[in-house]
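Here is how names work: the chains are called A, B, and so on, in the same order as the sequence lines, proteins then strands, and each is numbered from 1.
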Number of protein chains: 2
Amino acid sequence: METKYSDTELKIRDAAKSLFLKKGYSATTTRDIAQESQINLALLNYYFTSKRRLFEIIMFETLYDFLNKMVEVYNDEETTIREKIELASSKYIDMIIAEPLLPTFILNELKNNPTNFLKMPTAKVIMKSQLISQYNDGVKKGIYKKVDSIHFITNILSLIVFPFICSPIIMKMEKLNKTDFNKMMNQRKKLIPEWIIQMIKK
Amino acid sequence: METKYSDTELKIRDAAKSLFLKKGYSATTTRDIAQESQINLALLNYYFTSKRRLFEIIMFETLYDFLNKMVEVYNDEETTIREKIELASSKYIDMIIAEPLLPTFILNELKNNPTNFLKMPTAKVIMKSQLISQYNDGVKKGIYKKVDSIHFITNILSLIVFPFICSPIIMKMEKLNKTDFNKMMNQRKKLIPEWIIQMIKK
DNA sequence: GTCTATATACGGATAGAC
DNA sequence: GTCTATCCGTATATAGAC
């Protein structure tokens with residue numbers, strides 16, 4: 001256990017993150033946060049100066065953790081391209097099942113404030129990852145179709161992340177409950193790597 | 001030209017839609033809308049009773065138009081499964097290039113209020129569309145892999161829509177401007193049908 | 001239908017006591 | 001560090017004149 005933050009500070013952080021994820025920045029009030037974290041309203045400003053600043057901090061940390069977990073998989077030196085995609089599918093799907101509001105939150109607040117993403121060191125790293133150079137090698141060797149790597153990486157993320165973002169729609173169309181939906185996503189852990197390999201092969 | 005709405009009403013609708021799409025419900029104020037549409041603040045309530053009601057109306061119409069355009073493609077009796085996917089890719093990508101904020105808006109406000117989607121008659125229609133039954137036939141005949149049709153339809157949408165949602169990220173990673181990004185999406189009109197066919201074939 | 005003026009409430013933030 | 005009380009700006013909404 002880290003003791004980086006005091007108890008109250010931690011309570012505020014947790015409540016704030018939970019509410020920002022659920023309702024976004026504007027729809028969340030400082031009073032909401034104070035109530036959810038069981039602290040006095042004035043303490044929020046004492047610790048974090050302003051609502052905006054608190055949000056930026058939460059946002060930055062969330063984004064940082066998320067990107068780190070992503071790059072981790074892509075840069076393993078030992079694994080094949082297929083294994084990386086398998087690992088990515090499996091890890092990301094688990095990650096998002098554990099925190100299903102994460103993708104919408106990130107994509108949303110990124111649209112409003114793309115600058116935050118620029119500051120992230122890890123962002124550029126993805127395009128220079130092991131996974132990308134393995135893919136480009138395959139293209140050069142004529143094993144894979146000659147398609148720009150941006151499509152390759154976009155497709156992986158699309159097939160993994162998008163179903164979560166439109167889960168309300170999917171659940172309505174198929175009359176699924178949350179458990180059913182998660183089962184469907186667990187199926188995709190095996191399906192996505194198959195699909196991706198088929199897509200890139202000549 | 002329809003004359004369904006008076007001039008002022010129309011101005012309010014347009015301004016409201018534009019602002020709700022850009023900033024979402026909470027971050028948009030009635031004053032914003034009044035200013036953008038060049039009308040007096042009080043008129044907003046005169047015509048639409050409340051901000052909430054105005055939003056619901058805009059939301060419903062936007063969703064309705066969107067779903068209708070989608071189903072149109074899926075239900076053509078004449079075309080093959082490949083042609084439908086080609087048409088879908090092409091039409092949806094054009095549609096979203098014309099109104100790039102649409103997907104995020106719909107997915108977002110749907111998360112907050114999934115009930116709106118339930119009311120849509122077209123929602124269920126998708127799963128009973130011509131496209132789905134063509135796919136299921138293919139599975140039955142053993143031409144396609146035995147994978148549930150929900151994955152099939154999810155994949156089509158994922159590959160088309162997701163890149164738009166994370167366009168800020170893609171543009172940052174690849175240092176693209178808006179024109180470059182749209183070019184990339186236009187490439188995908190041809191790529192996505194190829195990919196999808198490869199994914200489903202045995 | 002359109003305007004001005006205003007009621008009413010809420011949200012972010014701080015002063016100042018403890 | 002934590003609390004109460006409160007300031008102040010802004011937001012939604014309406015009353016009432018024209």
Closest non-hydrogen contact found for E83(A) with T80(A) is OE1-N, 2.8 Å
Just compare dT2(D), dT2(C), dA13(C) and give me whichever is closest to any side-chain atom of T8(A). dT2(D)
Rounded to the nearest Å, what distance is computed from the CD1 atom of residue I33(B) to the P atom of nucleotide dA11(D)? 12 Å
Between atom CD1 in I39(B) and atom P in dT4(C), what is the gap in whole Å? 12 Å
Of Y46(A) and R31(B), the one whose closest DNA chain C nucleotide lies more 5': R31(B)
R53(A) atom CZ is separated from dG12(C) atom P, nearest whole Å, by 17 Å
How would you label the contact of L41(A) with the nucleic acid (heavy atoms, under 4.0 Å): base, sugar-phosphate, or nothing? base
Separation of atom CZ in F48(B) from atom P in dT14(D), rounded to whole Å: 15 Å
Carboxylate-amine/guanidinium proximity below 4.0 Å for E61(A) and R13(A): yes
Determine the minimum heavy-atom distance between N75(A) and S129(A), stating which atoms define it. OD1-CA, 3.2 Å
Roughly how many Å is it from CG in N40(A) to C1' in dG16(C), rounded to a whole number? 13 Å
Rounded off to whole Å, could you give me the CZ-to-P distance for the F55(B) and dA13(D) pair? 14 Å
The nucleotide from dA13(D), dT14(C), dT14(D) with an atom nearest the side chain of A42(B) is dT14(D)
Please work out if S6(A) contacts a base, only the sugar-phosphate, or nothing of the nucleic acid, heavy-atom cut-off 4.0 Å. nothing
Gap between atoms CG and P, on N45(B) and dT2(C) respectively (whole Å): 14 Å
What's Y47(A) touching, base or sugar-phosphate or nothing? Going by heavy atoms closer than 4.0 Å. sugar-phosphate
Whole-Å distance between dG1(C) P and I12(B) CD1? 11 Å
For the atom pair CE (M184(A)) and CD (E174(A)), what is the distance rounded to the nearest 0.5 Å? 8.0 Å
For dT12(D) and T30(B) - does any side-chain N or O of the residue sit under 4.0 Å from the phosphate oxygens OP1/OP2? yes
Within the 4.0 Å heavy-atom criterion, would you say T28(A) contacts the bases, only the backbone, or no part of the nucleic acid? sugar-phosphate
Taking the side chain of L43(A) as heavy atoms from C-beta outward, which of dA11(D), dT2(C), dT2(D) is closest to it? dT2(D)
Pair E72(A) + K91(A): basic N to acidic O under 4.0 Å: yes
